[in-house]
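Excluded from the calculations below are hydrogen atoms, water molecules and symmetry mates; all remaining heavy atoms, backbone and side chain alike, are included. Index from 1, following the sequence. All values reported here derive from a predicted model rather than from experimental measurement.
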Amino acid sequence: MGVVHLADAPDGTRVAVKVLRPYVVGDANSRTRLAREVTSLRRVRSPRIAEVYDADPWGETPYVVMRYVPGPSLREVVDSRGGLVGADLARVAYGLAEALVVVHSADVLHRDVKPSNVLLEGRDPVLIDFGLAQLTDDMTLTQAGWLLGTPGYLAPEILYGDGPTPAADVHAWAATVVFAASGSGPYGSGPPIAVMDRARRGEFDLSAVPTDLMPILTAALRPDPANRPTARQVVEWLGVSGGGFTRSLAASPAPAPAPPAAAPTAVYAAAPRAAFAGGPPVASAATAARDAGRYRRVAVWLSVACLLVAGTVAAPLVTIACAVVMGWALRTVDLSTRSIRGWQQNRGPRRRDPAMVLLALPWFALRRLVVSLVNALFVLGGAGGFVALARFGPPAAELPALLTTGVVAALLSWWGPMTRDVRRGAAYVTSSLRHRSGLALGIVLVLLLGVACGLLAVQQVAGTSYLPFAGR
C-alpha cells in the first residue's frame with residue numbers, strides 16, 4: 001500500500017511519514033482506506049499505539065505523519081532470537097491486550113494484528129499500521145467482497161464471510177502471542193489455503209506456549225466469536241495493577257465464558273516484569289528454518305572457495321581472471337535486482353519486467369565494469385606476488401605459494417575493497433537455497449567439490465599451468 005520514511009518534524013522530532021506508492025495514488029479505494037486509517041488513529045491515544053500527528057489523504061501525494069517507534073518488529077525479533085520467554089513474553093501479551101482495549105474503546109477495529117505490525121520499543125509492544133482498520137459502524141470497504149487480512153491471523157468467522165468484530169482482533173491477539181512464544185502461528189505453516197482451513201476448523205497448536213497462558217489463549221482462539229473473551233477480559237485475566245497472580249476468571253467484572261480448563265490464574269502481575277511459569281524455552285521453528293538456510297549458503301560458498309583454491313593450484317592466472325569475471329557477474333545481478341525492485345515500488349509489478357531486465361543487462365554490466373576492473377587490481381596486487389614466487393621461486397615453495405594465492409584471491413574477491421555489491425549479488429543468487437531439498441543441495445556440493453578434486457588431479461599429472469605464459 002505504501003512506503004514509510006523516517007523524517008524530522010520542524011521541531012526536530014523524529015517521525016514516520018507513510019506515503020502511498022505512486023502507482024496507487026490515483027486509486028480512490030486506496031485513498032479511502034488511507035483516510036480511514038487517519039480517522040481511526042486520531043480516535044486512539046495510547047503509549048501502545050503509534051498515533052497520528054498530521055495527514056493529507058486527498059493531496060497529490062497522500063501522506064500520514066505518525067509517531068516513530070525506534071525498534072524492530074516482533075517478527076524480526078523472534079526470527080532472529082527465537083521465541084520469547086518469561087518477562088519478555090509477559091510484557092508483549094499484556095501490552096498488546098492493553099492496546100486492543102484502547103482501540104476497541106474508541107469503536108475502532110485494527111483488523112490486521114500480526115507480528116510484523118507489532119514494534120518493540122525497548123521491551124514494550126507498540127501496535128502500528130492501521131491500514132486495514134475501519135470503524136465498527138462503517139462497512140463500506142467490505143461490502144465489495146474484499147477479504148482484508150493475513151492468513152494464520154484471520155479469525156474463522158472472517159474466513160466464513162462474516163463481518164469483522166472486536167472478537168476478530170482478540171483472535172489475532174492470541175495468534176500473535178502464540179507466535180511470540182513459539183516462533184510459529186497457532187495454525188502451523190504451509191499453503192495459505194491449508195492454514196486458513198485449519199483456522200476455520202479451530203485446529204490450533206499451543207504445545208509451545210507456557211502452561212499458565214494456555215487457558216487464556218484457548219478461550220481467545222475459539223472458533224465461535226461469541227465464546228471469546230473481550231480484550232478487557234483478557235487484560236483482567238492476565239492481571240491488572242494490584243491483581244497479583246491470584247486473580248481468577250470469576251473475579252472478572254464482566255460475564256465471560258469459562259475456558260475449557262480450570263480457571264486460569266493471572267500470569268501478569270502488577271509490574272510488567274513478572275514471568276510466565278512455563279517450561280524451558282522452546283526452540284523457534286522459524287529460527288531453525290533460517291539457520292538451516294544459512295548453513296546451506298555457507299556450505300555452498302565454502303565449496304566455491306575450495307574450487308577457487310584448487311583452480312589456483314592448477315592454473316592461477318586463469319582462475320584469478322575467472323574470479324574477477326564472476327565478481328563482475330554478481331555485481332550485475334545486484335544492480336539489476338535492485339533496479340527492478342525500484343521500478344516495482346514506484347509503479348507496481350508488471351508482466352514485462354523480466355524482459356526489461358534481460359534487455360537492460362548489457363547496460364547494467366557496463367555500469368559495473370569499471371568497479372570490477374578496479375577490484376581486479378587489488379586482487380592481482382595481493383595475489384600476484386605469491387604467483388611470482390610460485391613461478392620463479394624454488395620448486396619446494398611452489399605449492400604453498402599457490403595455496404596462499406587461492407586464499408588471498410578468495411578473500412580479496414569477497415571482502416576486499418568495493419565488494420559489498422558482490423556479497424549482495426551472491427545473497428540474491430543463493431537465496432533460493434532455503435527452498436531447495438537436501439538432495440538438490442547435495443548435488444550442487446558434490447559437483448563443486450568434484451570439479452575441485454578434478455583440477456587437483458590434473459595438476460598432479462600435468463603440473464601447474466601459468467597461462468597465458470608458457471612454462472614454469
Heavy atoms of other groups near M326 CE, more than 12 under 6.0 Å: no

CG on D54 to OH on Y63, rounded to 0.5 Å: 4.5 Å

Contact summary for P156 and A199, nearest pair of heavy atoms: CG-O, 3.1 Å

Any D8 side-chain heavy atom under 4.5 Å of R14 side chain: yes

Whether H171 and Y187 hold their rings parallel, tilted or perpendicular, with breakpoints at 30° and 60°: parallel

W328 backbone acceptor or donor facing T332 side chain under 3.5 Å: yes

Trace of the side-chain contact (heavy atoms from CB on, under 4.5 Å) decision for V126 with V118: CA-CA 6 Å; V126 178; V118 178; over 6 Å; no

Pairwise distance CD(Q459) to OG1(T312) - rounded to 0.5 angstrom: 11.5 Å

V178 and V209, any side-chain heavy atoms less than 4.5 Å apart: yes

P468 vs L317 side-chain heavy atoms within contact, under 4.5 Å: yes

Salt-bridge contact R111-D169 (side-chain N to carboxylate O under 4.0 Å): no

Gap between atom CD1 of I320 and atom OG of S413 - 0.5 Å precision: 8.0 Å

A231 versus V170, closest heavy-atom pair with distance: N-CG2, 3.7 Å

Nearest-0.5 Å distance that lies between atom CD1 in I49 and atom CD in E98: 9.5 Å

Residues, nucleotides or ligands: over 12 heavy atoms within 6.0 Å of I193 CD1: no

E76 side chain vs S73 backbone, donor-acceptor pair below 3.5 Å: yes

Trace of the side-chain contact (heavy atoms from CB on, under 4.5 Å) decision for L96 with T176: CA-CA 9 Å; L96 284 182; T176 301; 3.9 Å; yes

Heavy-atom neighbours of F378 CZ exceed 12 at 6.0 Å: no

Backbone N/O of L100 and side chain of W173: donor-acceptor pair under 3.5 Å: no

Side chains of L445 and S303 in contact at under 4.5 Å (non-hydrogen atoms): yes

Stepwise salt bridge (Lys or Arg N to Asp or Glu O under 4.0 Å) test for K18 and D129: CA-CA 10 Å; K18 180 175 181 178; D129 197 356; 3.1 Å; yes

Only distances under 3.5 Å count here; give the side-chain donor-acceptor pairs of residues 399-407 to other protein atoms, sequence neighbours excluded, each with its distance to 0.1 Å.
{"unit_1": "T404", "atom_1": "OG1", "unit_2": "P400", "atom_2": "O", "d": "2.8"}
{"unit_1": "T405", "atom_1": "OG1", "unit_2": "A401", "atom_2": "O", "d": "2.8"}

Expected output: side-chain N375 to main-chain G416 donor-acceptor under 3.5 Å: no

Side-chain heavy atoms of F204 within contact of L217, under 4.5 Å: no

Nearest-0.5 Å distance, CZ of residue R123 to CG of residue L84: 10.0 Å

Rounded distance [0.5 Å steps], CE in M196 versus CG in L154: 7.5 Å

Evaluation steps, side-chain contact (heavy atoms from CB on, under 4.5 Å), between R424 and R338: CA-CA 10 Å; R424 283 199 305 254; R338 289 190 292 117; 3.5 Å; yes

Note: R423-D334 ion pair, threshold 4.0 Å (strictly below): no

Over all atoms of both residues, closest heavy-atom pair of V78 and G183: CG1-CA, 3.5 Å

Heavy-atom closest contact (V408 atom, A383 atom, distance): CG1-N, 4.1 Å

Check against side-chain contact (heavy atoms from CB on, under 4.5 Å), L89 and V85: CA-CA 5 Å; L89 181 58; V85 296; 5.6 Å; no

Close side-chain approach of L335 and D421, heavy atoms under 4.5 Å: no

Check: T319 side chain, G311 main-chain N or O, donor-acceptor pair, under 3.5 Å: yes

Short side-chain to backbone donor-acceptor contact, T419 and W414, under 3.5 Å: yes

Closest heavy-atom pair and its distance - S372, V324: O-CG1, 4.2 Å

Donor-acceptor contact present, side-chain H110 to main-chain L127, <3.5 Å: no

Contact summary for A50 and I128, nearest pair of heavy atoms: CB-CG2, 3.8 Å

Ion pair check, E121 and R67, cut-off under 4.0 Å: yes

V313 backbone acceptor or donor facing T464 side chain under 3.5 Å: yes

pair V65-V52: side-chain heavy atoms closer than 4.5 Å: no

Side-chain touch F364/R331, heavy atoms, less than 4.5 angstrom: no

